There are 2 protein chains.
Amino acid sequence: MKRLIIASTSTLHGGRYLEYLMPDLRRFFDAKKKLLFVPYARPGGISHDDYTVRAKLAFESIGIEVSGLHEYENPVDAVRAAEAIFVGGGNTFLLVSQLYRFKVMDELAEAVKNGTPYLGSSAGSNITGLTMQNTNDMPIVYPPDFRTLGLIPFNLNPHYLDADPRSNHMGETRETRIKEFHQFNSLPVLGLREGSWLEVEGEKITLNGSLTARLFLQGKDAEELRPGSDLSFIGR
Amino acid sequence: MKRLIIASTSTLHGGRYLEYLMPDLRRFFDAKKKLLFVPYARPGGISHDDYTVRAKLAFESIGIEVSGLHEYENPVDAVRAAEAIFVGGGNTFLLVSQLYRFKVMDELAEAVKNGTPYLGSSAGSNITGLTMQNTNDMPIVYPPDFRTLGLIPFNLNPHYLDADPRSNHMGETRETRIKEFHQFNSLPVLGLREGSWLEVEGEKITLNGSLTARLFLQGKDAEELRPGSDLSFIGR
């Protein structure tokens with residue numbers, strides 16, 4: 001059975017890396033002893049090694065050993081053999097480019113469909129959707145495709161941000177950007193605020209955390225969905 | 001001689017479309033009577049027709065007649081025949097996709113190199129750089145290439161935004177995103193704040209408006225450049 005935790009962000013303001021998620025991650029990863037970390041998104045350009053250390057330190061506290069996908073000579077085999085997978089945040093264009101380059105995009109999707117539990121945060125969450133087209137990131141590299149894992153039947157906008165009514169800035173709001181997307185695409189988009197996460201068990205998708213999430217459907221007004229909502233209806 | 005006005009934004013908070021630029025545009029377009037408007041970026045998904053009306057109304061006040069590039073059967077010929085060109089803002093991914101689709105990317109660059117005056121705002125400014133990789137926009141469509149007009153020897157980040165020290169949001173700041181770009185690319189990037197514009201005359205590039213602009217060079221600390229600065233040194 002497909003099992004995922006899909007988090008808007010890895011870190012809350014003032015908190016430590018993954019801290020707010022740890023009680024749920026302990027339960028979610030259950031008897032797993034080893035986790036394969038995908039550091040490709042390299043937030044702020046951090047090295048694969050340094051990024052993997054960050055994940056190692058976080059998972060030490062719940063007795064899970066972490067290795068980085070970049071440490072393996074054959075990434076495809078490493079994904080196939082993984083007990084559990086965590087794809088960290090950073091730049092989505094870079095992450096997607098590297099997943100295609102190392103031919104692990106399809107392998108990751110296959111592993112999760114076959115029951116390997118998957119944790120994603122930020123860019124690692126964005127790619128669980130059908131395409132990466134609702135990322136907030138800068139296109140610092142050119143990926144061969146915008147299609148992603150398709151483990152949920154809609155797209156995600158992590159770090160969803162409400163418009164600031166005090167702002168005089170004329171750049172587009174997040175809502176405007178997503179509405180522009182819907183001029184050209186029919187896929188539903190879920191805006192997931194920092195502190196929210198989805199838990200997927202088979203075909204069931206639940207909204208977790210204390211905040212509402214904002215659902216954008218083509219040609220309809222955006223809608224706020226309450227914490228605890230069953231989101232399995234989206235995109236079906 | 002190459003002549004461009006490259007504006008961070010079309011509109012200042014509380015102002016009308018292009019209003020703050022009109023005194024300079026009157027001088028810049030001088031004896032030109034007709035302007036070709038490129039509405040491809042479609043801000044907020046507005047139609048080509050409606051967007052062109054917006055440009056028509058703004059230029060009426062200085063006696064310049066506007067036509068939309070979408071009105072021509074042969075866009076390549078329209079670009080070649082243009083007296084003056086204005087590429088409006090909106091979504092950069094869409095704009096670049098359309099320019100390639102209608103085979104006018106190279107034609108636009110050629111026309112401007114041959115002396116057709118060019119006004120760009122926001123997305124229309126972003127594409128005057130070497131690549132569109134420092135856009136803030138959402139990748140709502142997949143362009144065939146990130147390369148753009150290359151009319152200035154560096155890249156632009158329009159609507160440049162300083163980090164808000166009061167914010168608890170954990171999404172990347174603009175500066176972080178540009179630094180991530182420099183992990184993989186060596187092109188200089190200029191952050192152009194709303195209200196700033198560049199004027200290009202041949203090889204000379206001047207910063208206009210009352211604000212400083214923020215220059216990012218690979219491997220160096222970011223630097224504030226004063227209004228009136230000669231920016232011709234960047235990327236040479």
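Bear in mind that the values here come from a model prediction, so they are computed numbers and not experimental data. Chain A is the first sequence line, chain B the second, and so forth, proteins listed ahead of strands; every chain is numbered from 1.
Contacts of A:Thr135 with chain B are made by both backbone and side-chain atoms, with heavy-atom separations under 4.5 Å. For chain A, no part of B:Arg193 is nearby; none of its heavy atoms comes within less than 4.5 Å. Contacts of A:Leu12 with chain B are made by backbone atoms alone, with heavy-atom separations under 4.5 Å and no side-chain atom involved. Of the two parts of A:Ser167, only the backbone, made up of N, CA, C and O, holds a non-hydrogen atom closer than 4.5 Å to a non-hydrogen atom of chain B. Looking at A:Asn168, the atoms closer than 4.5 Å to chain B (heavy atoms on both sides) sit in the backbone and in the side chain alike. The contact between A:Gln183 and chain B is made entirely by side chain atoms (from C-beta outward), counting heavy-atom distances below 4.5 Å.
Taken from CE in B:Met138 to CE in A:Met132, the straight-line distance is 10.5 Å, to the nearest 0.5 Å. Separation of atoms CG (A:Asn136) and CD (B:Glu172) is listed at 8.0 Å; rounding is to 0.5 Å. Taking CE from B:Met170 and OG from A:Ser8, the interatomic distance works out to 11.0 Å, rounded to the nearest 0.5 Å. Between the NE2 atom in B:His169 and the OG1 atom in A:Thr9 there is a gap of 8.0 Å [rounded to 0.5 Å]. Summarising the geometry, atom CZ belonging to A:Phe184 is positioned 7.5 Å from atom CG belonging to B:Asn91; distances are rounded to the nearest 0.5 Å. From B:Asn134, atom CG reaches atom CD1 of A:Ile140 across 9.5 Å, with rounding to the nearest 0.5 Å.
Counting non-hydrogen atoms of other residues, nucleotides and ligands closer than 6.0 Å to CZ of B:Arg226 gives a total of 12 or fewer. Within a 6.0 Å sphere centred on CG of B:Asp221, heavy atoms belonging to other residues, nucleotides or ligands number 12 at most. By the 6.0 Å contact criterion, CG on B:Asp106 is open, its count of non-hydrogen atoms from other residues, nucleotides or ligands being 12 or less.
Interface residues of residues 142-159 of chain A toward chain B, defined by a heavy-atom distance below 4.5 Å and sorted by number: A:Tyr142, A:Pro143, A:Pro144, A:Asp145, A:Phe146, A:Asn157, A:His159.
Among A:Ile46, A:Asp164, A:Thr11, A:Thr131, the residue making the largest number of heavy-atom pairs under 4.5 Å with chain B is A:Thr11. Ranked by heavy-atom pairs under 4.5 Å with chain B, the list A:Val141, A:Thr176, A:Ile178 is led by A:Val141.
A donor-acceptor pair is defined here as one N or O able to donate and one able to accept, closer than 3.5 Å; such a pair exists between the side chain of B:Glu194 and the backbone of A:Gly171. Under the 3.5 Å distance criterion, the side-chain polar atoms of A:Glu180 are matched with a main-chain donor or acceptor of B:Gly44. A:Gln133 places a side-chain N or O within donor-acceptor distance of the main-chain N or O of B:Pro139, the cut-off being under 3.5 Å.
Nearest heavy-atom pair, B:Arg166 versus A:Arg166, reported as atom, atom and distance to 0.1 Å: NH1-NH1, 3.6 Å.
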